[in-house]
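Everything below concerns the one structure shown next.
Computed from a prediction, not measured in an experiment: that's the story for all the values here. Side chains are part of it too, since the values below use all heavy atoms of this structure and drop only hydrogens, waters and symmetry mates.
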Amino acid sequence: MATLLSNGQQSLMATSNGQEQQKDEPEQQQQQQQVEIRKSSSPKPGAMPSLKLNRMGSVSPKDKRVYKIVLTGGPCGGKTTGQSRLCTFFENLGWKVFRVPETATVLLSGGVKFSDLTEKEAYKFQENLIRTMVQIENTYFELGNSSTRNCLIICDRGVMDASAYISKDKWEKMMAGNKWNPVEMRDNRYNQILHLVSAANGAEDFYSTEDHACRSEGVDLARELDYKSAAAWVGHPYFDVIDNSTNFESKMNRMIESVCQKVGIDIGDRLQATSRKLKYLVALLPPDSEFPPFQDFDVVHHYLQSAGPKVQARLRKRGQKSHWSYIHTQRRPNVHGQARIEVKTQLTHRDYMNLLAQRDDAHFTIYKKRRCFLINNQYFQLDIYKEPGHPRCKGLVLLETYSSLTGDALKNCMPKFLNIVKEVTGDPDYSMFNLSLKEDWSTTKKFCRSATHVKGAANGVSSTPLLLNGQ
């Protein structure tokens, strides 16, 4: 059994989340987990956070954001530099930034030599490493919750990295023994995962083990470790792969841009916008055996009554095996010429149930099976629409990804085993908002037409901004 250490060695981490256990009522009586779970603060139903600071940098408690991200990836991917860049960028915005150290480094610096441990000792060490990591992270999470300022918490690797460096049987045994589950460890504990692809994969000329006491991997091993660390996070709803398709400076900017997009910060022209959301119509699905390793989720969307015609609000319930996460999304109009902003807020089960009272009866509830997979360093989500729903959704399958690639480079990374009919990025006919409308499109006044959709984009790639009313 191996352990994943800092900077490309093998280190282990896993647990339940600092959020309230997200389950339906029958599961809410579950026994308390052995690892203490901190409940994170949630906004009042219907209230969306603001990013405005007062002169002293503090925000009102109801508007404060605590945003938790994980930086992961293989050796020589830029995690150390990325952490520093994110820290500087957000501190300049007036945010408080905490950087959670890598737990394995803390423990192994005390004289532990993993190769000297027996199999039983190694298993126990890794389990205790995970528990220690949870406590360290929870300390920073609590500081973030008590801060009077918006707070960014950057974790050097995260709990799911463990699953890539331990056998499946031992991992499942460890999870069962501690009453952990993937939805809590992967989806609810952190707001966003950023995988910085190793230079060994796409920037080999820049891969180096010099000036790094803990790094000794060759290029081939570094590629393998990079893939394993990425695969460990497949299934997280906000998982971004920052590849080596650009130079390193642009890679760092894409990383910062990705966080700003998810948080809902208007970055103006400070960073060049590169990554965009792409959507494709897919024909009949192939057998599961043709897919790379994947994670399937049940997803339910409800549109809510909104404050005005240019504002959209919806709820999403997403889960596996009766373990659920809940998200409130609000889409705001264009501001200062920037693309329309989405603000996403993680909810407790109670807040979710309260917000359901605001359902918009003009829309059907949308039911999907969402399949998440990673291929060619590109993260994909395949939405398979399920009944009940409007007849227009019957048999509908849509593939989504975020990418800065264009032309042949984009085509080469697309999944060849899928029958992709056409790109529908920005096409209002494939907007979830429009698909869920109960009224006929030819008569309803609610149909939302995108002003950015261009049919027949060159090279099968849309160069337009994101769809105004998409998933």
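- The side-chain hydrogen bond (donor to acceptor under 3.5 Å, both in side chains) search around Glu91 returns none, not counting sequence neighbours.
- Partners of Tyr67 by ring-ring contact (aromatic ring centres under 6.0 Å, His included), not counting sequence neighbours: none found.
- In the model, His302 has a side-chain atom that pairs as donor or acceptor with a side-chain atom of Thr365 under 3.5 Å.
- Applying the side-chain hydrogen bond (donor to acceptor under 3.5 Å, both in side chains) rule to His236 yields no partners; only residues at least two apart in sequence or on another chain are considered.
- For Ala231, the side chain to side chain contact (heavy atoms under 4.5 Å, CB included) partners at least two apart in sequence or on another chain are Tyr227.
- Partners of Tyr379 according to the side-chain hydrogen bond (donor to acceptor under 3.5 Å, both in side chains) rule, which considers only residues two or more places apart in sequence or in another chain, do not exist here.
- By the 4.0 Å N-to-carboxylate-O rule, Arg223 lies close enough to Asp220 to be salt-bridged with it.
- Side chain to side chain, Asp169 and Ser167 fail the donor-acceptor criterion of an N or O pair below 3.5 Å.
- Contact record, Leu194 with Val259: CD1-CG2, 3.5 Å, taken as the closest heavy-atom pair.
- Partners of Glu249 under the side-chain hydrogen bond (donor to acceptor under 3.5 Å, both in side chains) rule, at least two apart in sequence or in another chain, are Arg85.
- Within 6.0 Å of NZ in Lys173 there are 12 or fewer heavy atoms belonging to other residues, nucleotides or ligands.
- Applying the salt bridge (Lys or Arg N to Asp or Glu O under 4.0 Å) test to Glu121 and every residue at least two apart in sequence or in another chain returns nothing.
- In terms of the side chain to side chain contact (heavy atoms under 4.5 Å, CB included) criterion, residue partners of Pro287 (sequence neighbours excluded) are, by chain and number, Ser289, Glu290.
- The ring-ring contact (aromatic ring centres under 6.0 Å, His included) search around His363 returns Tyr303, Phe433, not counting sequence neighbours.
- Leu143 is linked by a side chain to side chain contact (heavy atoms under 4.5 Å, CB included) to Phe98, counting only residues two or more places apart in sequence or in another chain.
- Glu137 and Tyr190 share a donor-acceptor pair across their side chains, judged by distance under 3.5 Å alone.
- Qualifying side chain to side chain contact (heavy atoms under 4.5 Å, CB included) partners for Thr401, counting only residues two or more places apart in sequence or in other chains: Leu278, Gln378, Phe380.
- Each of Thr88, Leu86, Ile242 was compared with Ile256 under the side-chain contact (heavy atoms from CB on, under 4.5 Å) criterion, and only Leu86 meets it.
- Applying the side-chain contact (heavy atoms from CB on, under 4.5 Å) test between Leu315 and each of Leu347, Asp351, Ile327 identifies Leu347 as the sole match.
- In this structure, Asp240 does not pair ionically with Arg254, as no charged nitrogen and carboxylate oxygen lie closer than 4.0 Å.
- Considering only residues two or more places apart in sequence or on other chains, Phe294 meets the ring-ring contact (aromatic ring centres under 6.0 Å, His included) condition with Phe291.
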